[in-house]
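Heads up: the structure comes next, in structure tokens.
Everything numeric here is computed off the predicted structure, so don't read it as measured data.
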Amino acid sequence: MTGLVLRGRAWVYPDNVAIDGDLMALEWALKRETRPEVLREHVFAGLDPDFPQRARPGDVVVGGRRFAQGNAHIQGMIGLRGCGVGLVAESIPIGSFRNALAAGLPVLPRCPGVRAMFADGEGIEVDFAAARIRNLDHGTEMMAPLLAPHLIEMLRAGGWGPMFRRRLDSMAHAGTGERA
């Protein structure tokens, strides 16, 4: 990934993909597992169990409406991040959108019509900072609503945790008179 641009294959999924069961087995939330290297092996276990072996870094999941619906457990988003993929969807519930950002998963949550733009396996390029989505096989392009600048900053930092640590370090340096 160069900055916030991913280029790879599109993985197209339907409307109403559930966070628990479809995207990630509930057991991982109950175990409170947060290691991307563990969770990546279980992404789409209930819907597409071979996804972790077939997906490559730079690929992008293209979801329908209400992608990652249900209980807002973060494990599915951490697992997707562990696979090195991004996510664009027609819509994502707010709790799952927040979890995607916290996990550092490149995401565009409001892309009406994006599913119709791709067939499974077609070439895709997404510039998450510019909110530009391109079908590389057909030369078509669409723009999604831009993410707020502070959300782009969070994704560039790698998620909420790294951004928080960066701010703490900056505050510590400011308190000692050093520059961050």
Side-chain angles (χ1 to χ4, degrees), residues 1-15 17 19 22-24 36-37 39-44 47-48 50-69 72 74-138 140-163:
M1 176 164 60
T2 305
L4 287 175
V5 176
L6 292 180
R7 185 180 179 116
R9 291 178 297 167
W11 296 87
V12 183
Y13 291 95
D15 292 342
V17 169
I19 196 81
D22 292 337
L23 184 56
M24 181 69 59
E37 65 275 11
L39 294 172
R40 77 168 304 284
E41 299 302 321
H42 304 283
V43 171
F44 287 119
L47 194 61
D48 186 2
D50 296 331
F51 176 86
Q53 289 74 43
R54 294 182 295 136
R56 298 289 172 256
D59 289 351
V60 178
V61 171
V62 178
R65 292 183 306 272
R66 293 196 46 76
F67 184 88
Q69 70 171 340
I74 196 168
Q75 283 73 17
M77 299 304 177
I78 294 171
L80 285 171
R81 172 84 192 276
C83 290
V85 302
L87 170 62
V88 297
E90 296 201 15
S91 68
I92 297 172
I94 191 67
S96 290
F97 174 54
R98 287 178 182 151
N99 282 337
L101 293 168
L105 175 68
V107 61
L108 291 174
R110 295 180 315 271
C111 308
V114 73
R115 242 190 29 204
M117 201 174 145
F118 291 93
D120 228 22
E122 288 184 333
I124 186 171
E125 181 180 85
V126 180
D127 182 333
F128 290 90
R132 183 177 26 259
I133 303 165
R134 293 180 49 216
N135 182 313
L136 300 174
D137 292 359
H138 299 287
T140 55
E141 183 175 303
M142 74 177 285
M143 297 299 293
L146 289 168
L147 295 176
H150 70 282
L151 301 180
I152 297 290
E153 177 188 344
M154 184 183 301
L155 290 176
R156 282 200 169 112
W160 183 85
M163 188 175 80

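Distance alone, capped at 3.5 Å, places no donor-acceptor pair between the Asp15 side chain and the Gly64 backbone. No donor-acceptor pair closer than 3.5 Å links the side chain of Asp127 to the backbone N or O of Arg132.
In this structure, NE2 on His138 lies 9.5 Å from CE on Met117, to the nearest 0.5 angstrom. Arg115 CZ to Phe67 CZ: the interatomic distance, rounded to the nearest 0.5 Å, is 11.0 Å.
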Next on the checklist: Between Phe97 and Leu151, is the side-chain contact (heavy atoms from CB on, under 4.5 Å) condition met? List the steps.
Outcome noted: CA-CA 11 Å; Phe97 174 54; Leu151 301 180; 4.1 Å; yes
Checklist entry - Can you list the steps and then say if Phe118 with Val60 is a side-chain contact (heavy atoms from CB on, under 4.5 Å)? => result CA-CA 11 Å; Phe118 291 93; Val60 178; over 6 Å; no
Next on the checklist: Show, in sequence, the C-alpha distance, side-chain angles and deciding distance for Val17 and Gln69, and conclude whether the side-chain contact (heavy atoms from CB on, under 4.5 Å) test is met.
Outcome noted: CA-CA 6 Å; Val17 169; Gln69 70 171 340; over 6 Å; no
Next on the checklist: Please determine whether side-chain contact (heavy atoms from CB on, under 4.5 Å) holds for the pair Val85 and Phe51, giving the CA-CA distance in whole Å, both sets of side-chain angles, and the decisive distance to 0.1 Å.
Outcome noted: CA-CA 11 Å; Val85 302; Phe51 176 86; 4.3 Å; yes
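Shown here for Gly63 and Val114, the closest heavy-atom pair between the two residues is O-CG1, 4.1 Å. Of all heavy-atom pairs spanning Ile133 and Cys111, the tightest one is CD1-SG, 3.8 Å. Of all the heavy atoms in Gly82 and Arg40, the pair that sits closest is O-NE, 3.4 Å. Closest heavy-atom contact between Ser91 and Arg65: OG-CA, 3.4 Å. Taking both residues in full, the closest heavy atoms of Cys83 and Val43 are given as SG-CG2, 4.1 Å, listed atom of the first, atom of the second, then distance. For the pair Pro112 and Met142, the tightest heavy-atom approach, listed with the atom from each and the gap, is O-CE, 3.4 Å.
Considering only heavy atoms from C-beta on, His42 stays 4.5 Å or farther from Pro52 through its side chain. In this structure, Ile19 and Met77 have side chains that are in contact, with non-hydrogen atoms separated by less than 4.5 Å. Contact annotation: the side chain of Pro109 never approaches that of Ile94 to less than 4.5 Å [non-hydrogen atoms, C-beta and beyond]. The side-chain heavy atoms of Asp59 and Leu6, taken from C-beta on, include no pair separated by under 4.5 Å. In this structure the side chain of Leu136 never reaches within 4.5 angstrom of the side chain of Ile124, judged on heavy atoms. For the pair Glu41 and Gln53, the minimum side-chain heavy-atom distance is below 4.5 Å. Put simply, the side chain of Val88 reaches to within 4.5 Å of the side chain of Phe128, judged on heavy atoms. Counting heavy atoms from C-beta on, the side chains of Leu80 and Leu23 come closer than 4.5 Å.
Between Ile78 and the choices Leu39, Asn99, Leu105, the side-chain contact (heavy atoms from CB on, under 4.5 Å) rule is met once, by Leu39. When the options Asp120, Leu47, Leu87, Val62 are evaluated for a side-chain contact (heavy atoms from CB on, under 4.5 Å) with Tyr13, the one that passes is Leu47.
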